[in-house]
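Heads up: the structure comes next, in structure tokens.
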Amino acid sequence: MKKFIPYILILIALGIFAGYYMYNKPHAETQGAKADITINPADLLAAFELDETKANAMYLDKIIEVKGKVKSINEVEQGGSISLDTGNEISSVICEFEHAASIDGVKVGDEVIIKGFCSGKLMDVILVRCSL
Amino acid sequence: MNQLIIILAFTFGSFHAGNAQKYFTKTGYISFYSDTPIEKIAGHNKSSSCVFDLSSGKLEFASLIKGFQFEKALMQEHFNENYMESTKFPKATFKGQIENYKPIDVTHNGKINVKVSGQLTIHGITKNISTEGVITVNNSKLNTYAEFNVLVADYGISIPSLVKDQIAKTVKVKVDASLDVIK
């Protein structure tokens, strides 16, 4: 029995280490990641308007790359957010950034390419944890 | 189609009630806090939408569950997959009404304490809630602020006994949204 004790201790140590690693594992990032789907903002919005359930199944949690014109830069509580023009008066594609500094220098009317995780649609399709 | 309805609703709505004004945002901030002695968990959503009807005092909020951001990736994963089942129930909504509502004078800056009651839908379950809140008029903008508690078990969310000490049974929700008039 005694000779197993070191192995058991190693196992426990590994377990604690793995647990600690899992607990602190980093967020998946869009910066430098490959996009799962590349689509233009108007088509992305259209897909959600046509059939939300189907669009949810297709786009939720995926890294979406959109290229479009900045319609507005929104004031938010933390970080920053950009709305992309979809040709629709009411609905756009909202791209949330964790840090306001990420969108420093972006101006309304700029053509931008943004990657983000799709979180669904309210009045707009929303992408979170975006990067330029 | 949805948009057509919205546009029609606005057009007809404004014909009907003369100068019925609606206030609105797509970037409302909704956060929640689960505090236990062992662990503090907070989720933040900065793209919640809110519509407020100035003439009737009706309020509506909506948030995407997957839009809540957490400090730790694992918290976010558990929140979405184990507790909120956000693929099945992607949205949380609140539809309510300010009690004893008298139309707010938006030409005067100031704070108004209000009591709001209505239906909160989370995880596919709808419950009546009521809370106190503050509406601040600031240069014809309206800020809505409220804090209220939600009992996790009320919304069919079960917490495994293994983590029951890490997750609060009552979660504090904070709503902070600045609304602009719809022209």
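Treat the numbers as computed from the prediction; the structure is a model and nothing was measured. Letters A, B, ... mirror the listed sequences (proteins, then strands); counts begin at 1.
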Partner chain A: residue of [options] with the largest heavy-atom pair count (under 4.5 Å):
options	result
Ile65(B), Leu64(B), Leu74(B)	Leu64(B)
Ser178(B), Ala73(B), Ser86(B), Ser31(B)	Ala73(B)
Gly67(B), Pro90(B), Ser47(B)	Ser47(B)

Q. Can you tell which of Ser119(A), Ala28(A), Gly79(A) has the highest number of heavy-atom pairs within less than 4.5 Å of chain B?
A.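 Result: the option with the highest number of such pairs is Ser119(A).
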Answer key: most heavy-atom pairs under 4.5 Å with chain B among Asn74(A), Leu122(A), Leu127(A), Val128(A) is Leu122(A)
Scan the side chains in residues 129-138 of chain B for donor-acceptor partners under 3.5 Å anywhere in the protein, sequence neighbours excluded, and list what turns up.
from      : atom 1 : to        : atom 2 : distance (Å)
Thr131(B) : OG1    : Glu147(B) : O      : 3.2

Just by modelled atom types, is the Gln76(B) backbone N or O under 3.5 Å from a matching donor or acceptor in the Asn80(B) side chain?
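Answer holds: yes.
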Worked verdict on Phe70(B) versus Phe32(B) for ring pair (Phe, Tyr, Trp, His ring centres under 6.0 Å): CA-CA 10 Å; Phe70(B) 292 72; Phe32(B) 73 86; 5.7 Å; yes
Taking only residues two or more places apart in sequence or in another chain, which ones pass ring pair (Phe, Tyr, Trp, His ring centres under 6.0 Å) with His123(B)?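 Once residues adjacent in sequence are excluded, the partners of His123(B) under the ring pair (Phe, Tyr, Trp, His ring centres under 6.0 Å) criterion are Phe89(B).
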Is the charged tip of Lys46(B) near the ring of Tyr29(B): under 6.0 Å from the six-membered ring centre and within 45° of its axis?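 Ring-cation test returns no.
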(message) So for Glu75(A), is it side chain, backbone, both, or neither that comes closer than 4.5 Å to the heavy atoms of chain B?
(response)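 The answer is the backbone of Glu75(A).
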